[in-house]
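Right, one structure below, let's go through it.
Heavy atoms only: backbone and side chains are in, while hydrogens, waters and symmetry mates are out. Sequence lines set the chain letters: A, B, ... in the order given, protein chains first and strands last, and positions in each chain run from 1.
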Amino acid sequence: MNLQLTNLDKPFWPEGITKGDLLAYYQAMASALLPLLCQRPLVLKRYPDGIEGEYFYQKQAPPHTPPDFPRVHWHGIDYLYVKTVEHLLWIINTGAIEIHAWPSRVPRLDQPDILLFDLDPAPGVPFSQVCQAALLVKAALEKLGLVGFVKTSGSRGLHIFVPIQPGPASGQLRRALALLCQTLVQVWPTGLTTEFSKSKRQGKVYLDYLQNTTGKSTAWVYSVRPLPGAPLSWPVSWDEVEAGNLNPQQFTLHNYLQYIPQARQLWGDFFQQARSAAGLLALLS
DNA sequence: GGGCACA
DNA sequence: TGTGCCCAACGCAAA
DNA sequence: TTTGCG
């Protein structure tokens, strides 16, 4: 594939971070990111003029995509996916700041290999409450024989990714997750909610299980967020979550180099920890 | 970000 | 040679 | 049936 990077000096953040800086970040992270991203249909969220410019979503492969770029047809749309660092950088060059990927891989697009939990605090909710919520999710997963990996969302919350052995259909997993989340809300009704309407989330952490729908996507691990300060969605340890001395925006495009070794260690064996989702599905019966 | 139709 | 336009869309629950 | 929500 002929990779041509363009407009490297274009400011993508008002604070001076350029498109070239963004590309350099993803190049540096490629070896950690690619194993987790390969073969996953992508939803591009493109900011051709940086975070303060207009953005748009794009699923259908753009017409000018190189002919040999990997793509997969699904429900009438040709989704792009990546296999190599060149593919990744081509995607970033289109103005994709965040990475949005499916929790399933080619060719088993309706059989997720990852379950997602999105823990999003209502305005004013302290981050320590998000950490407590995450620990509840972790404990519940362990009872079901599953292993959760936690990361900052890069915004205000935490994400938990759970590797599973593919097989069960996404719809069935989603229904089981809905039950699990509702059970967790019963365990801590004052701290957690699955309510859609924002007005009913006051003071609580929103536990969003609807991210697990086919065709849905969440900011992927190692994503840059199009926010001031260029925060990252970055792996953290459960010990840090327990200690509660974590800032969800402490990892940024400015300081990530020092955190790379720990991140590799934390998420390096992600797929080795994949377990059967049978215990989770048993909640449905 | 870039191709396209148009003016 | 310049300008505008396009680029996603599913499921759930409350109203 | 539409609307808010992500």
Side-chain angles (χ1 to χ4, degrees), chain A residues 2-12 18-20 22-23 26 40-67 69 71-81 87-104 109-110 112 116-123 153-159 169-182 185 193-202 204-220 223 225-227 233:
Chain A
N2 179 22
L3 176 65
Q4 245 168 321
L5 303 177
T6 54
N7 301 306
L8 299 182
D9 294 328
K10 190 172 192 173
F12 260 34
T18 64
K19 191 183 173 199
L22 181 70
L23 284 158
Y26 278 110
R40 299 181 188 281
L42 302 175
V43 178
L44 306 187
K45 190 178 184 186
R46 297 177 53 186
Y47 292 77
D49 297 312
I51 70 164
E52 293 191 328
E54 305 221 335
Y55 71 88
F56 57 92
Y57 288 90
Q58 189 162 36
K59 294 183 172 181
Q60 174 66 40
H64 56 92
T65 309
F69 203 100
R71 61 193 84 199
V72 59
H73 194 78
W74 179 259
H75 289 15
I77 291 175
D78 300 300
Y79 290 89
L80 298 179
Y81 62 92
H87 298 144
L88 173 63
L89 296 182
W90 187 89
I91 293 284
I92 305 305
N93 190 60
T94 67
I97 293 176
E98 260 174 23
I99 307 268
H100 288 252
W102 285 23
S104 58
L109 294 185
D110 195 42
L116 312 176
F117 294 83
D118 180 5
L119 286 74
D120 188 23
S153 71
S155 181
R156 304 183 49 247
L158 290 172
H159 292 159
S170 56
Q172 195 145 10
L173 290 168
R174 186 176 66 245
R175 283 188 290 277
L177 282 171
L179 279 181
L180 175 59
C181 290
Q182 280 148 20
V185 169
T193 180
T194 53
E195 286 287 351
F196 275 144
S197 100
K198 281 192 169 178
S199 59
K200 294 188 180 173
R201 292 187 202 159
Q202 287 175 32
K204 297 177 183 173
V205 174
Y206 177 51
L207 195 50
D208 188 354
Y209 56 88
L210 296 171
Q211 302 291 325
N212 290 277
T213 311
T214 305
K216 272 272 164 238
S217 60
T218 308
W220 207 249
S223 270
R225 305 302 304 271
L227 298 171
S233 182

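- An OP1 or OP2 oxygen of B:dG1 is reached within less than 4.0 angstrom by no side-chain nitrogen or oxygen of A:N93.
- Figure legend: A:K59 and A:Y79 shown without cation-pi pairing, the cationic atom not lying both under 6.0 angstrom from the six-membered ring centre and within 45 degrees of its axis.
- OP1 or OP2 of B:dG2 lies within a sub-4.0 Å distance of a side-chain N or O belonging to A:T6.
- Residue A:R174 places at least one side-chain N or O under 4.0 Å from the OP1 or OP2 atom of C:dC12.
- Under the side-chain hydrogen bond (donor to acceptor under 3.5 Å, both in side chains) criterion, A:R71 pairs with no residue at all, not counting sequence neighbours.
- The phosphate of B:dG1 has OP1 or OP2 within less than 4.0 Å of a side-chain N or O from A:K19.
- Stacking is not found between A:F196 and the pyrimidine-like six-membered ring of the D:dC5 base under the 5.5 Å centre-distance and 30° plane-angle cut-offs.
- In terms of phosphate contacts, A:K200 brings no side-chain nitrogen or oxygen within less than 4.0 Å of OP1 or OP2 of D:dC5.
- Side-chain N/O atoms of A:R175 include none lying less than 4.0 angstrom from OP1 or OP2 on C:dG11.
- OP1 or OP2 of D:dG6 has at least one side-chain nitrogen or oxygen of A:K198 nearer than 4.0 Å.
- Minimum heavy-atom separation, A:V43 to A:W102: CG2-NE1, 4.1 Å.
- Applying the side-chain hydrogen bond (donor to acceptor under 3.5 Å, both in side chains) test to A:H64 and every residue at least two apart in sequence or in another chain returns nothing.
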